[in-house]
Amino acid sequence: MDPKDFRNCMGHFATGVTVITSEATSGTHGFTVNSFTSVSLDPMIVLVSVDRNTNALNVLDNNRFIVNVLSEEQKMTAVHFAGKTQDPEPFEWEDGKLGNRIKDSLAYMECEPWAAYDGGDHVLYLGEVKNFQYNSGNPLLYYCGRFSEVAVT
Ligand SMILES: Cc1cc2nc3c(=O)[nH]c(=O)nc-3n(C[C@H](O)[C@H](O)[C@H](O)COP(=O)(O)O)c2cc1C
């Protein structure tokens, strides 16, 4: 089985898009993530899967993080935090309870570290949700390697 083709296969699972932000000694770190899911309601736990080759790996180690769920207006924010830094930055920061977060996101989950597990070439970081909020709007989607939007009928 070919890993690149496996990625193509997984691309057929449509997802939302998030930016995970957390506070590092150098400032707020953010990176774009679509391998995000809810895990548990009681306690409230969410999961992000993090590539071992990212800077985020060390930042998230035993650290708080905020899941910023992006709206369809925030595509360039997703691009910015996926290694293609935009100038000027296409977003504004706002204060969350557990750190800086991206203003006007569709939803937020602010997490304390819960556990980390080996996920092969990724690490699975679980966070316990300490604060959440959601707003009206349409989500940014990711499907077959491309950004997409919900079709509103
Ligand atoms: C739509 C999209 C989804 C992504 N999802 C993930 C993901 O779930 N996990 C991950 O580790 N990287 C993911 N990436 C890649 C990271 O965003 C990218 O490697 C980023 O530059 C890492 O930043 P850092 O090295 O500064 O932490 C995704 C990129 C895009 C465009």
Side-chain angles (χ1 to χ4, degrees), residues 1-40 44-93 96 98-129 132 134 137-151:
M1 293 191 294
D2 175 28
K4 284 185 185 155
D5 206 29
F6 177 56
R7 177 183 279 184
N8 293 338
C9 181
M10 291 307 299
H12 285 73
F13 182 59
T15 67
V17 183
T18 74
V19 171
I20 306 300
T21 49
S22 39
E23 301 308 312
T25 43
S26 53
T28 305
H29 179 271
F31 74 121
T32 301
V33 159
N34 71 336
S35 53
F36 158 73
T37 190
S38 63
V39 172
S40 165
M44 295 176 198
I45 294 174
V46 297
L47 177 154
V48 293
S49 180
V50 181
D51 191 324
R52 290 186 186 274
N53 289 318
T54 58
N55 299 316
L57 191 79
N58 292 328
V59 177
L60 283 180
D61 190 33
N62 212 23
N63 198 2
R64 295 167 160 175
F65 63 90
I66 300 177
V67 181
N68 302 258
V69 178
L70 300 188
S71 74
E72 62 184 13
E73 283 90 22
Q74 293 174 305
K75 177 178 159 186
M76 292 316 295
T77 300
V79 170
H80 176 85
F81 284 110
K84 292 186 181 156
T85 307
Q86 308 289 302
D87 187 11
E89 293 178 337
F91 67 93
E92 288 176 39
W93 294 114
L98 299 185
N100 284 331
R101 59 189 207 179
I102 297 168
K103 196 174 171 216
D104 295 328
S105 296
L106 198 52
Y108 304 96
M109 299 100 194
E110 304 197 27
C111 304
E112 292 283 358
W114 176 268
Y117 299 106
D118 178 19
D121 60 11
H122 282 54
V123 174
L124 310 178
Y125 283 104
L126 274 61
E128 183 179 13
V129 179
F132 67 85
Y134 52 92
N138 291 327
L140 182 64
L141 302 184
Y142 197 65
Y143 175 67
C144 283
R146 304 177 73 156
F147 292 103
S148 185
E149 293 173 10
V150 173

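If you're wondering where the values come from, they're calculated on a predicted model, not measured in any experiment. Remember, it's 1-based here, ligands and their atoms both numbered in the order they're listed.
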Pairing donors with acceptors under 3.5 angstrom, does anything connect the side chains of Asn58 and Asp61? no
Taking atom types as modelled, is there a side-chain donor on Thr21 or Asn68 under 3.5 Å from an acceptor on the other? yes
Pair Tyr108 and Phe132, ring centroids less than 6.0 Å apart: no
Specify the protein heavy atom at minimum distance from [atom]: its residue, its atom name, and the distance to 0.1 Å.
| atom | answer |
| --- | --- |
| atom 11 (O) of ligand 1 | Asp51 N, 2.8 Å |
| atom 25 (O) of ligand 1 | Asn55 N, 2.9 Å |
| atom 9 (N) of ligand 1 | Ser49 O, 2.9 Å |

For Thr32, is at least one N or O under 3.5 Å away from an N or O on ligand 1? yes
May I ask whether [X] has any heavy atom positioned less than 4.0 angstrom from an atom of ligand 1?
| X | answer |
| --- | --- |
| Val50 | yes |
| Ala78 | no |
| Phe36 | no |

Step-by-step side-chain contact (heavy atoms from CB on, under 4.5 Å) determination, Leu98 to Met109: CA-CA 10 Å; Leu98 299 185; Met109 299 100 194; over 6 Å; no
To check you understand the geometry: which heavy-atom pair defines the closest contact between Ala82 and Thr32, and what is its length? N-OG1, 3.4 Å
For Phe31, the ligand 1 atoms whose distance to one of its heavy atoms is below 4.0 Å: 11 (O), 22 (C), 23 (O), 27 (O)
